[in-house]
Protein chains: 2
Amino acid sequence: MRPGDHRVCFVGDSFTQGTGDAAGLGWPGRVAAAARAAGYDLTAYNLGVRRDTSADIAARWQTECDARFRVACMPYIVFSFGANDMTSDDEALRVPIPQSVDNFLKIVGDAKARCRTLFIGPLPVGDATQDIRIILLCATYRVLARELGVPYLPLAQDLAGDPAWARAVAAGDGTHPCGDGYARVAARVINWPAWWFSAPASAG
Amino acid sequence: MRPGDHRVCFVGDSFTQGTGDAAGLGWPGRVAAAARAAGYDLTAYNLGVRRDTSADIAARWQTECDARFRVACMPYIVFSFGANDMTSDDEALRVPIPQSVDNFLKIVGDAKARCRTLFIGPLPVGDATQDIRIILLCATYRVLARELGVPYLPLAQDLAGDPAWARAVAAGDGTHPCGDGYARVAARVINWPAWWFSAPASAG
């Protein structure tokens with residue numbers, strides 16, 4: 001293994017995938033490019049899938065990460081999900097809160113046992129009723145992450161009240177922002193003390 | 001389903017992943033951005049995995065594409081692999097040619113039976129001996145693709161003899177090119193008559 005061979009799987013939903021971003025980078029592409037600019041040898045695997053709930057992610061994250069971490073490398077996983085759990089289909093939530101909590105604990109607990117893990121809280125979708133549910137789920141997940149000892153970056157409440165975010169969503173597809181919105185999320189991640197690749201990489 | 005909801009899975013190895021590209025787009029990110037600029041509503045899933053052979057891809061492509069095509073959408077798959085089959089580990093090829101041929105026929109045949117499918121031939125790696133094997137495998141795959149009726153874009157021979165490609169690889173990591181190299185591949189794909197998203201999308 002080359003000593004600095006960092007490989008990061010970003011596992012999440014459409015906001016991780018970068019839906020609405022004409023450049024196709026999303027926030028994972030932007031934080032990865034910034035890490036490379038800071039001198040890190042970083043490979044980013046974007047495993048965001050549109051419409052995925054915590055249940056969908058529970059079913060696939062391990063197999064997909066295994067296929068990408070088979071080689072000797074320094075593995076990392078960044079999760080971000082929850083918004084689609086709070087979608088109401090035929091009156092019921094796609095994933096009820098107790099199940100969403102169980103999925104979070106299982107996914108993030110298992111990931112933390114195998115490699116460095118972070119969680120970026122779910123993002124608001126621009127629907128007032130659903131966004132309230134997402135903000136509450138974000139707060140619940142935050143407590144769970146603290147119990148697991150996994151750093152957690154809450155974003156839903158701040159972004160739901162941020163006019164710049166609303167403008168980016170209006171310029172995107174009405175649910176997802178254009179690139180400007182993803183750049184705002186990326187800046188929050190890069191400036192977060194828990195983020196692994198903010199300080200310039202040491203030479204050597 | 002929105003009528004123009006195009007979703008493309010790019011399934012391949014490190015050259016599909018975009019290894020060596022500081023921007024992290026690779027050629028799939030560039031062809032996807034060009035399609036969006038031409039007016040297509042296009043979601044790109046980059047399923048390139050470093051070091052993957054045809055055998056590795058045979059084991060994962062269906063599960064990974066299934067997870068991304070669960071929703072109603074227009075699905076497409078673009079494959080590109082073969083270079084890692086031709087790596088010599090301990091004197092033997094990682095995947096012997098008869099097995100590589102079988103993998104190609106199974107993967108591409110099964111994909112074509114389910115959705116629109118293209119194949120971008122394997123890329124050269126900058127090692128003269130291996131590149132000769134890759135060029136021969138590329139020619140073999142091309143014949144197989146014709147038998148299957150799947151459009152195939154051969155690139156290995158042209159790129160291996162192209163000084164601009166060699167400069168891009170030298171500016172990359174010595175095996176993979178920097179972004180300029182990926183831009184050259186993207187241009188070849190976009191100008192290829194078989195590519196689905198070159199003409200401007202019709203309004204409405």
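Lettering of chains follows the sequences in order, A, B, ..., and the numbering in each one begins at 1. Because only heavy atoms are used, hydrogens play no part in the values below, and waters and symmetry mates are left out as well, while side chains stay in.
Contacts with chain B were tallied for Thr43(A), Asp173(A), Thr63(A); Thr43(A) has the most, counting heavy-atom pairs under 4.5 Å. Note: Ala22(A) leads Ala32(A), Ala22(A), Ala44(A), Ala59(A) in heavy-atom pairs under 4.5 Å with chain B. Note: Val49(B) leads Val71(B), Val49(B), Asp56(B) in heavy-atom pairs under 4.5 Å with chain A.
Both the backbone and the side chain of Ala67(B) come within contact range of chain A, judged by heavy atoms closer than 4.5 Å. Contacts of Leu47(B) with chain A are made by both backbone and side-chain atoms, with heavy-atom separations under 4.5 Å.
Minimum heavy-atom separation, Ala33(B) to Ala23(A): CB-O, 4.4 Å.
Annotation: the span from Asp41(A) atom CG to Thr19(B) atom OG1 amounts to 9.5 Å, rounded to 0.5 Å. Here the CG atom belonging to Asn46(B) is positioned 9.5 Å from the OH atom belonging to Tyr45(A), to the nearest 0.5 angstrom.
Using a distance-only test at 3.5 Å, with no hydrogens or angles considered, no donor-acceptor pair links the side chain of Glu64(A) to the main chain of Arg60(B).
Within 6.0 Å of CD in Gln130(B) there are more than 12 heavy atoms belonging to other residues, nucleotides or ligands. Open room surrounds CZ on Arg142(A); 12 or fewer heavy atoms of other groups in view lie less than 6.0 Å from it.
At a threshold of 4.0 Å, the pair Asp52(A)-Arg70(B) counts as salt-bridged, since one of the basic side-chain nitrogens sits closer than that to a carboxylate oxygen.
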### Task
Please step through side chain to side chain contact (heavy atoms under 4.5 Å, CB included) for the pair Arg50(B) and Arg68(A), ending with a clear verdict.
CA-CA 7 Å; Arg50(B) 297 178 67 172; Arg68(A) 286 152 180 83; over 6 Å; no
